[in-house]
Structures are given as C-alpha cells and as structure tokens.
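Following: one structure in structure tokens, then a few remarks.
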Amino acid sequence: MAFPERFSNLPDYAFPRLRKLLDTHAPGGEPIAMTIGEPRHPMPDFVGPTLAAHLDGFSVYPPNDGTPELLSAIAGWISRRYGAELSPDRIMALNGTREGLFNACIALCPETKRGKPPVVLMPNPFYQVYAVAALAVGAEPVYVPATAATGFLPDYAGLPAEILDRVTLAYLCSPANPQGAVASAEYWATLLALAEKHDFTVLADECYSEIWRTAPPPGALEVAKATGSDPERVFTFHSLSKRSNLPGMRSGFVAGGAGGMVRIRQLRAFAGAPLPLPIQRVSEIAWADEAHVTANRALYQDKFREADAIFSGLQGFSCPEGGFFLWLPVEDGEAAALKAWQETGVRVLPGAYLSRDVAGDNPGKGYIRVALVAPKEEMQRGLIRLRDCLYGRG
Ligand SMILES: Cc1ncc(COP(=O)(O)O)c(C=O)c1O
C-alpha cells in the first residue's frame with residue numbers, strides 16, 4: 001500500500017515522543033506535569049449556564065462562518081483591542097486556531113510562485129501544524145531560526161532574495177510559543193513591508209495575545225491598519241483556548257482581507273467542521289467579556305514574578321514577555337528532561353521536539369520548555385525542583 005511521500009519524514013509528535021523518552025523510567029518524586037500548554041485556570045462562570053440555555057442548538061447543523069451575533073462579538077473585540085474595524089465577511093469562526101492555521105494554508109497557498117515551487121516560512125522552533133500545512137500543499141517549509149541572537153523571532157528579512165521570491169505564506173507566532181517573545185509594532189511593520197515587496201501573505205498566530213507581562217502585544221491587524229498595508233497581506237488567528245481557559249471547547253477565529261477570506265470560507269464550507277451552535281453562543285459571550293480575561297492574566301503575571309524570583313541569576317534566563325512557557329537554557333534538552341523526571345518527577349518538554357535540524361543545527365536542542373499552567377503552589381514546587389536539579393540550588 002502506498003502512502004504520501006511528503007509526510008514520510010515527519011518526526012513523531014512531541015508528546016508521544018516524550019512518553020517514549022520518559023515512561024520507561026520511574027519518576028523521582030511526586031509527578032508534576034509542566035509539558036503541555038493546556039491552561040488549568042478556572043473557566044469562566046458563564047460557560048455552563050450559556051451552554052445549558054442553548055442545548056437545543058446541538059439538534060441543528062451550525063452556520064459555517066459563525067452566527068451573525070458571534071461575528072459581531074468578535075468584530076467588537078478586534079475593534080476594542082486593535083482599533084481596527086472589520087466587517088463580518090472578514091471574520092470566520094474556527095474550531096480552535098489549529099485547524100484554521102492548517103486550512104488557511106490550503107486555501108491560500110498557490111501551487112507555484114513565479115513558476116517555481118512555493119516556500120512557506122516558519123520560525124524554528126514553532127507550533128508544529130505550520131510544517132504539516134506546508135507539506136500538505138506541496139510547498140517547501142523553510143525553518144528560520146528564532147534564537148537568542150535574533151530576539152527569539154525569525155529574521156525573515158535576512159533570507160536570500162531567491163528564497164523570499166518563492167515565499168507564498170509566512171507564519172509568525174506572537175507571543176511566541178515556545179520562547180515567549182513578542183513581536184513589536186516595528187517587527188510587524190517590517191514583516192508586512194517584506195510581504196509586500198516579495199508578494200507573500202502573513203499568517204499571524206496570536207493565540208497567546210492576551211497573556212502578557214507588562215503591555216498588550218501589538219497585533220498584526222493593528223499594525224496593518226497603522227501602516228496602511230494591503231488587508232490581503234495578513235490573516236490573524238485568535239483563540240479562546242488560552243484567553244478564556246477553554247482549550248477543550250475548540251473555539252477561535254481567523255480574520256483578514258476580504259478576498260482571502262472568501263477562499264478560506266469556501267474551503268471550510270466544503271471540508272471544514274463548523275463550530276457547534278451552543279459553542280458559538282458561549283464564544284459570543286466570551287469575546288464580549290474582558291473581566292475574566294483580566295483576572296486570568298493577573299494569575300499568569302503572578303506566576304511570571306514567581307518564575308523570575310526562582311530563576312533570577314540563571315545565565316541565559318529571561319522570563320517570557322507573553323504566553324505561558326519558560327524556555328530554559330540547558331546543555332541538552334532531552335538529557336535535562338530525563339534527568340528532571342528521574343530525579344524529581346517534574347515533566348518538561350525537550351526544546352528539540354518543537355524544532356527541526358537545519359544544516360546540522362537544531363535551535364531547540366539546548367532548551368527545555370516549561371508550561372506555567374498548573375496551580376501556583378504546584379508550579380512553584382515544580383520550578384524549584386527543576387532549578388535545584390538542573391542548575392544547582394539557588
Ligand atoms: C502557538 C499555538 N498556536 C495555535 C495553537 C492552537 O490553539 P487552539 O487550536 O486551541 O486554538 C496552540 C495551542 O497550543 C499554540 O500553542
């Protein structure tokens with residue numbers, strides 16, 4: 001039986017790979033999971049009652065694009081957060097951003113660019129769906145290092161013109177998973193100008209946008225508006241998973257230029273899974289409410305302060321500007337993850353499981369990713385054990 005060749009070199013997904021690494025060894029203490037980016041703060045109070053009030057919505061097929069009420073709630077949020085006014089035809093509800101990040105690539109990536117195979121840019125390390133999406137459309141994924149030397153964001157402008165001229169799409173994650181770097185307004189403006197110059201589209205993964213340390217990260221839509229960029233150059237992806245602690249509800253949206261949105265909507269009308277109606281009702285309320293988001297952010301900000309105190313003085317450590325991961329420098333991420341598990345019971349993810357080898361170099365190899373999602377006391381215990389185990393007592 002033949003299978004597609006284009007997926008044959010994919011590594012195992014990070015979490016089965018981690019289980020293979022750790023699960024044949026006993027934990028050295030009470031297990032503490034700091035691997036997956038699954039929020040564990042409470043979900044908002046209105047979820048249960050709203051779902052209950054709209055249960056009958058499960059008996060009908062939901063509207064593909066999102067109900068008018070949901071699209072209007074999202075447009076209101078975009079306007080308040082980014083000062084950009086988008087008509088509903090420029091927004092579509094998603095079953096979480098992951099499927100949107102995948103489907104948008106299928107909908108927007110042409111088969112060739114200037115007669116050559118297309119290139120899709122992504123940071124390295126990165127959220128893994130970007131690479132699979134590029135491979136699915138037969139594009140060449142180009143993994144661009146996002147390291148301490150580049151401020152943990154990819155330097156797309158530094159690529160050779162020969163590559164840039166083949167680029168159809170560029171993914172950018174801000175705040176970045178895993179490093180927590182935030183793209184400044186200047187960074188976005190430079191990227192949008194590069195997209196204009198080389199005729200490509202930016203897919204902005206901003207699902208951590210509401211979890212920040214000192215100031216709200218500037219958004220792609222906000223910068224596109226301020227710089228007067230062509231609206232077709234940028235599509236942004238947002239989610240309730242992190243903002244509202246609802247990862248299991250699977251609710252997000254994509255917003256961008258009207259022309260590209262027609263393509264995304266068309267593809268999802270045929271092949272997408274629309275968001276169940278009761279979930280659309282809950283989402284509508286979630287996008288309209290900021291109080292729960294502010295309270296959630298305060299919990300993370302408290303955790304950032306705690307992490308700062310625990311790791312202060314550690315060379316190469318900087319607490320994230322946004323998101324909820326620590327990206328801790330170690331000699332070898334796999335060895336460090338195994339040591340932490342065997343000696344302390346803390347589970348963390350080797351950085352290399354989120355990045356690719358390029359020319360023999362893997363920018364994630366010397367890191368572990370630590371999720372700050374557990375309740376504060378548990379997180380504190382985990383971080384102190386990690387510090388003592390991997391870096392010697394503080
Ligand atoms: C960078 C990044 N993008 C997208 C997603 C997908 O989020 P969701 O599909 O839950 O909206 C995640 C989830 O962990 C993520 O870390």
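All ligand and atom numbering here is 1-based and tracks the order in the structure.
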Checklist entry - Is I264 reachable from V129 through a run of hydrophobic residues whose side-chain heavy atoms are each under 4.5 Å from the next? => result yes

Next on the checklist: Quick check on the hydrophobic clustering: are L349 and V330 connected, directly or via other members, by side-chain heavy-atom contacts under 4.5 Å?
Outcome noted: no

Could you find the nearest protein heavy atom to [atom] and give me its residue, atom name and distance?
| atom | value |
| --- | --- |
| atom 9 (O) of ligand 1 | R250 NH2, 2.6 Å |
| atom 13 (C) of ligand 1 | K242 NZ, 3.0 Å |
| atom 10 (O) of ligand 1 | S241 OG, 2.6 Å |
| atom 7 (O) of ligand 1 | T97 OG1, 3.1 Å |
| atom 2 (C) of ligand 1 | D205 OD2, 3.3 Å |

Checklist entry - Only one of Y208, F304, W212 clears ring pair (Phe, Tyr, Trp, His ring centres under 6.0 Å) with F324; which? => result Y208

For [X] and ligand 1, answer yes if some heavy atom of the residue is under 4.0 Å from a ligand atom, otherwise no.
| X | result |
| --- | --- |
| F237 | no |
| C207 | yes |
| G37 | no |

Which ligand 1 atoms does [X] reach within 4.0 Å, using its non-hydrogen atoms?
| X | value |
| --- | --- |
| C173 | 1 (C) |
| S239 | 8 (P), 11 (O) |
| G96 | 9 (O), 11 (O) |
| R98 | 6 (C), 9 (O) |

Using only atom types and a distance under 3.5 Å, with no angle test, would you say the side chain of [X] pairs donor to acceptor with the backbone of [Y]?
| X | Y | result |
| --- | --- | --- |
| W341 | H25 | yes |
| T294 | E290 | yes |
| E69 | E284 | no |
| S174 | A176 | no |

Checklist entry - Cation over ring, R369 on W327, under 6.0 Å and within 45°? => result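 No, a cation-pi geometry is absent between R369 and W327.
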
Checklist entry - Should the ring pair H238 and F253 be called parallel, tilted or perpendicular, given that the plane angle runs from 0 to 90° and is split at 30 and 60? => result parallel

Item to check | Sub-3.5 Å N/O-N/O distance, S251 and ligand 1 | outcome: no

